[in-house]
Engineer: 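Take a look at the following structure, please.
Numbering of residues begins at 1 and proceeds along the displayed sequence. When a ligand or atom number is given, it counts from 1 through the structure's own listing order. Since we're looking at a predicted model, the values are computed, not measured.
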Amino acid sequence: RILILDFGSQVTQLIARRVRESGVYCEIHPFNKVTADSLAAFGAKGIILSGGPSSVTEDGSPRAPQAVFDTKLPVLGICYGQQTLCEQLGGKVEPGDHREFGRAYVDIVADCALFTGVWAKGGREQVWMSHGDRVTRLPEGFRVVGTSDGAPYAAIANDERHIYAVQFHPEVVHTPHGAQLLKNFTHGVCGCLGDWTMAAFKAQAIARIRDQVGKGRVICGLSGGVDSSVVAALLHEAIGDQLTCVYVDHGLMRLGESEQVVSVFRDRFNINLVHCDASELFLGRLAGMTDPEAKRKTIGALFIDVFEAEAKKVGGADFLAQGTLYPDVIESVSVIGGPSVTIKSHHNVGGLPERMNMKLVEPLRELFKDEVRALGRELGLPDDMVGRHPFPGPGLAIRIPGQEITREKLEILKKADAIYLEEIRAAGLYDAIWQAFTVLLPVRTVGVMGDSRSYDYACAIRAVTSTDGMTADFYPFDMAFIGRVANRIINEVKGINRVTYDVTSKPPGTIEWE
Ligand code: XMP
């Protein structure tokens, strides 16, 4: 395994993802939380120092703990990691008059273990840079292996001590051979075997769950989304009938989704599943409500009440399973205010474990989203469930904006949404899109159908690309595709006579309409 010390770079998580993609388990820890003892206990075969927003030339800027160098483990410094490493080992870093941001080229002036198989002396290679400061004098024992216009020491090596450092970012896709460089470090230099696969993780996770749960009973809230589905399938494989899943159906799911949850988990996996159809209750409580935040709060609070009541009915659960993922638990380094812990409780059952006196089982805490998907496939979950777009907790309620939610409107929206998604799948575009959905607008418009006048709802179709939901771009469909979707919705869905296409990015828009 590899330890990544985080100095606060925006792209530290990408280092972890590249390392894991090469079959090596790794974790990200804040730079200032590592001690000689914790390092020994972690058992790393090598250490990577991430980039970061600080300047090594400023007083009080972060430094790698001395233990990192005392261990004699291989070290790879990236960007800020390179600069602090050089400074700490006796080199010099200065503010550069030639800042480099974005694409740059590195001249390879010597061969090096990092470059094996991809870069060779004499080559000129594309990389991605983002730095103002630069190393201007090497520490003793180092040699330069790559240079760029803005960074005379763009890549350096101390072969004897197995310390390597680069000014550019090998973890981003804009450094085309970056993944191989990282693999050369983890496999070639550190000697990792690359045997961390999803099959291996699954076996390990099952053993840990059995160990934690013993003969106890576990309750798991299923939502139909990827994370809870994978948690349920994994727990079932680990503890069989000690698991009960509760699916609170608020009636705001997409067409056919509730049926799929029941058929996959109860019929195919043979999991104890409580399907609680609470749509009357939810729709009753939402009656007359139009404000988005009021809808969210009502749905969230009611969800917890219903889940808790169902869990009590099941009775005797010692553990609550949750689909917490690695990005939710990584301690983030905020250099200005000191390190801070950001733990997002994005689950609808937040607060429940304490109230019900249950312990948590969180078997996905170490995984990134794409790893969760791979695990889901490993567990035999259907592809369309594992590859599913994110779907908000309040469901279709926030896709009927500015108006009261009624069964009639929900039925109209579900049909339009199903047609839209069917066309996206048929065109092979589903996986290229982060989220795609239909919004039922609070406006009726006039149309002509046959010889008569219609006066029906308008809907908007939305599709965005994104990597994390924080920023997003609208998906540029070709007009023939949009025309086909519009035509089908207007012809097949009674109640809609006009379709519009949302071309707003985030920011300034949001992904959902409310
Ligand atoms: P926005 O609309 O804020 O959405 O750009 C960003 C991501 O969050 C999802 N979303 C929600 N998820 N409860 C959720 O569980 C909510 O209330 C909620 N609102 C938005 C949205 O679908 C997108 O993936």
Engineer: Just checking F42 against H29, ring centres under 6.0 Å apart?
Structural biologist: yes
Engineer: Taking atom CD as the centre, does Q10 end up with more than 12 heavy-atom neighbours from other residues, nucleotides or ligands that are less than 6.0 angstrom away?
Structural biologist: no
Engineer: With a 4.0 Å cut-off on N to O distance, would you call E237 and K202 a salt bridge?
Structural biologist: yes
Engineer: Compute the shortest N/O to N/O distance between I511 and ligand 1 and return yes if it is under 3.5 Å, no if not.
Structural biologist: yes
Engineer: With backbone taken as N, CA, C and O and side chain as the heavy atoms from C-beta onward, which portion of E512 lies under 4.0 Å from ligand 1: side chain, backbone, both, or neither?
Structural biologist: both
Engineer: Hey, is the main chain of H174 close enough, under 3.5 Å, to the side chain of R103 for a donor-acceptor pair?
Structural biologist: no
Engineer: Using a 3.5 Å cut-off on N or O atoms only, is G393 in polar contact with ligand 1?
Structural biologist: yes
Engineer: Show which atoms of ligand 1 fall inside a sub-4.0 Å distance from at least one heavy-atom site of T510.
Structural biologist: 1 (P), 2 (O), 5 (O)
Engineer: Show which atoms of ligand 1 fall inside a sub-4.0 Å distance from at least one heavy-atom site of K506.
Structural biologist: 1 (P), 3 (O), 5 (O), 6 (C)
Engineer: Please enumerate all residues that pass side-chain hydrogen bond (donor to acceptor under 3.5 Å, both in side chains) together with W128, with sequence neighbours excluded.
Structural biologist: none
